[in-house]
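Reading through the structure tokens given below for one structure.
A, B, ... follow the sequence lines: proteins, then strands. Residue 1 opens every chain.
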Protein chains: 4
Amino acid sequence: MARTVTETARRGQIVQAAIEVIATEGYAKASYARIAKQAGLSSTGMISYHFAGKGDLLREVVGEVLRLSGEYIVPRVEAQSGGRARLRAFIEANVGLAAVYPQQLLALMEVLNVLGEDPQGQFAETRSELMEAQVRAVQAAQETGEFGQFDARVLVTAIRGAVDAVLSRAVKDPALDPLAAARELAELFDRAVRPAN
Amino acid sequence: MARTVTETARRGQIVQAAIEVIATEGYAKASYARIAKQAGLSSTGMISYHFAGKGDLLREVVGEVLRLSGEYIVPRVEAQSGGRARLRAFIEANVGLAAVYPQQLLALMEVLNVLGEDPQGQFAETRSELMEAQVRAVQAAQETGEFGQFDARVLVTAIRGAVDAVLSRAVKDPALDPLAAARELAELFDRAVRPAN
Amino acid sequence: MARTVTETARRGQIVQAAIEVIATEGYAKASYARIAKQAGLSSTGMISYHFAGKGDLLREVVGEVLRLSGEYIVPRVEAQSGGRARLRAFIEANVGLAAVYPQQLLALMEVLNVLGEDPQGQFAETRSELMEAQVRAVQAAQETGEFGQFDARVLVTAIRGAVDAVLSRAVKDPALDPLAAARELAELFDRAVRPAN
Amino acid sequence: MARTVTETARRGQIVQAAIEVIATEGYAKASYARIAKQAGLSSTGMISYHFAGKGDLLREVVGEVLRLSGEYIVPRVEAQSGGRARLRAFIEANVGLAAVYPQQLLALMEVLNVLGEDPQGQFAETRSELMEAQVRAVQAAQETGEFGQFDARVLVTAIRGAVDAVLSRAVKDPALDPLAAARELAELFDRAVRPAN
DNA sequence: AATGAATGAGGATTCATTCAT
DNA sequence: CATGAATGAATCCTCATTCAT
């Protein structure tokens, strides 16, 4: 059960290769063969040896990127106090990821698009937990009167979608300035959550 | 070159079957074999006979759903006058689709997620044309002072993403009331575009 | 059994299309679909309707080209008298075909290469008959002392192979002058058949 | 990159099976399924596993037979000195191959007939190099006065075609004595190249 | 006489996975 | 721990042919 050092290293190497392949060639092309080639491995058997199956590998890919994203976003949000400042930080940090981990984000989106359908997925859990936390944060800001009255769940969903859409464009279109777009998007939602004056 | 009645009917039948399979089992499972079974055809050869290739079939699927969507959305938007009313109508009509064509929308998202990577795709064109039109409409409303000053392109991208996210939830989670969510989302963006007072 | 005018015309049209496809794209690409397209027909069913099978069509192709070849070669050989003159005329007429019917010859070679393996083929008969006639002509010239003593069968085979090789080059390499090559080849075999002095 | 012992053995086994199938059933019947069956393999996947594609396999087939042919012909030609003796040795060794490697030669002819159309083929190169070398050898003999004056290129082409034709007959018709035919053919061309006296 | 729709077998190839070494 | 060989199901697609109209 416990993993040796080599084992962990190998898994990391394969996960990294998988991310690169998915990001540059798309999920559909991410076969064991292609990933093994990217990782400089001589056979696909290696991958099967280290992972219980393709699902296991993809789960690791998603987990890795989520970990990176969390490490980037969480401190930036927590550095702020107050709903508006936190919302702005959340959006800017999210979009800012495009500049730091473009490949990883591309890979994440690809994989979630496909695994998202599997309702048995263990990410459904993670994702809904995350969402609930965000919903509660929004509701707290509504109670203090910092945010207006609206369906917090819809807001969170909308932000998630809007951020992903901008992220997707930022990652694919180098002409777009992620920082500027992040600021625009943050202001957009800042206006959207203001209480009626 | 001209298409027969039977030919058109068969193509429609196959497209319909493809939509059902993609919606219920996911893009990855949408093999010719699976689609043929769904359509009640005895062999996959039939599909190859009627479509130039898998790309041809998927293009038809996308085209069909876009046609349905356009038929639903366009009159609802054009019935309104003024930027705010039109924006609201656009968002509500988009989310309202979830109630009318849930399967078709699921299929559309699946396919676009995969075909979207192909930069040679003819949908890149359609999509960017559509986006440009929407950007121009927003800019027109900004010039009349109806909307505030912000990056129109970011707004359009954000709306697209937010709508898709809500749509996706609406389609998968029957507990969500699409009409209520549509209203919420419309008001959200209505606040977001208002000029500073 | 008797063929109508239309029937004959259609068959001719299809045979012509088949020759063009085989010559330009090779035997392997000469499917009913490709031939129907070349002939401007809307369905492959037409070909099956007019020919008993692919063998039937190919037989017609070979027959047609052999007919054309015969019409060209025979009078040119028969215009000469004496073994040497006839041999020269035979070789020159054969190679000369490259200038008159290049496509047809290419198609013929392609088809015979494939059908040649079928030992049941009706061309085995035609070909061996033709060969026997040529062998007898050579032997006659040997008896008059015009040709030297050697195995007539080997000579005929060698000429056939040499002519085909030169023909093949002439048809594929436009830089080669077929007439000059024909003369060279004729003189080559003229020297080869001379009796020892 | 480097090949294992097993790998090499398997490839050899598959190439051998391919040669047998092509020789006995013709190129058209040489599907992966048929070859796998001949090699005693349980699935066609094995062939794809060991060869990059059908072209790769066929290239190996051609290469193998050319190698065998070269090993047989070259020492026999080089053992002779002088143009006439070498020409005779070349022709006799070529035809003599029919007795040693009948299957391999059949397979070679089949494959080259089909691959010969691909002008991008790497055999075009090998073949034209070989031909140029032969042309130069003939021209050298012409300069010493050993051979008469004629187009060396036509001679080489003619010999190639004549040898192939005799070879083809020798391989298919067991009644023909290859050695006798070889001698006859050698003498034929010996007379053809003699200088005018 | 002709058409176009349908068939189903067979084509090469890729896939994730297993297993003996 | 790692390897590479093997597997066989599944992929899309093309083929010649048949049949009702």
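With sequence neighbours excluded, the residues that form a salt bridge (Lys or Arg N to Asp or Glu O under 4.0 Å) with C/Arg34 are C/Glu25.
D/Ser42 comes within contact range of the sugar-phosphate backbone alone, with a heavy-atom separation under 4.0 Å but no base atom that close. At the heavy-atom level, D/Glu7 lies under 4.0 Å from the strands shown only through sugar-phosphate atoms.
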Do any N or O atoms of the protein come closer than 3.5 Å to N or O atoms of nucleotides 16-18 of chain F, and which pairs are they?
unit_1: F/dA16; atom_1: OP1; unit_2: C/Lys54; atom_2: NZ; d: 2.4
unit_1: F/dA16; atom_1: OP2; unit_2: C/Tyr32; atom_2: N; d: 2.8
unit_1: F/dT17; atom_1: OP2; unit_2: C/Tyr32; atom_2: OH; d: 3.0
unit_1: F/dT17; atom_1: OP2; unit_2: C/Lys54; atom_2: N; d: 3.3
unit_1: F/dT17; atom_1: O4; unit_2: C/Thr44; atom_2: OG1; d: 3.1

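As rounded to whole Å, 10 Å separates atom P of F/dC13 from atom CD1 of B/Ile47. Rounded to whole Å, the distance from CG on A/Leu57 to P on E/dA16 is 10 Å. Rounded to whole angstrom, the span from the NZ atom of D/Lys29 across to the C1' atom of F/dC15 amounts to 15 Å. Whole-Å rounding puts the D/Phe51 CZ to E/dT14 P distance at 15 Å. Separating the CD atom of D/Gln13 from the C1' atom of F/dA5 is a distance of 12 Å, rounded to the nearest angstrom. To the nearest angstrom, P of E/dA12 lies 13 Å from CD1 of D/Ile14. Atom CZ of D/Arg34 is separated from atom P of E/dG11 by 11 Å (rounded to the nearest Å). For B/Asp56 and F/dC12, the CG to P distance is 14 Å, given to the nearest whole Å.
Interatomic distance, D/Ser69 OG to D/Glu64 CD, rounded to the nearest 0.5 Å: 9.5 Å. Taking OH of C/Tyr101 as the start and CD1 of C/Ile19 as the end, the distance is 11.0 Å to the nearest 0.5 Å. A distance of 10.0 Å separates NE2 of A/His50 from OG1 of A/Thr8, quoted to the nearest 0.5 Å. Of the inter-residue distances, the one linking B/Leu57 atom CG with B/Ile22 atom CD1 reads 7.0 Å to the nearest 0.5 angstrom.
When distances run from any side-chain atom of D/Thr4 to the nucleotides E/dA1, F/dA5, E/dG8, the shortest one goes to F/dA5.
In secondary-structure terms, DNA chain F builds stems of at least 3 consecutive Watson-Crick or G-U pairs, each pair having both distances under 3.5 Å, at E:2-21 with F:2-21.
Judged by distance alone, the side chain of A/Arg11 and the main-chain N or O of A/Phe51 form no donor-acceptor pair under 3.5 Å. One N or O on the side chain of C/Tyr32 and one on the backbone of C/Lys54 form a donor-acceptor pair closer than 3.5 Å.
Residue A/His50 has no polar side-chain atom (N or O) positioned under 4.0 Å from OP1 or OP2 of F/dC1. For B/Arg10 and E/dA5, the shortest distance from a side-chain N or O to OP1 or OP2 is not below 4.0 Å.
Ion pair A/Glu7/A/Arg10 not flagged as a salt bridge, since none of the NZ, NE, NH1 or NH2 atoms sits closer than 4.0 Å to an Asp/Glu carboxylate oxygen.
The residue from D/Leu66, D/Val65, D/Leu58 that alone fulfils the side-chain contact (heavy atoms from CB on, under 4.5 Å) condition with D/Val62 is D/Leu66.
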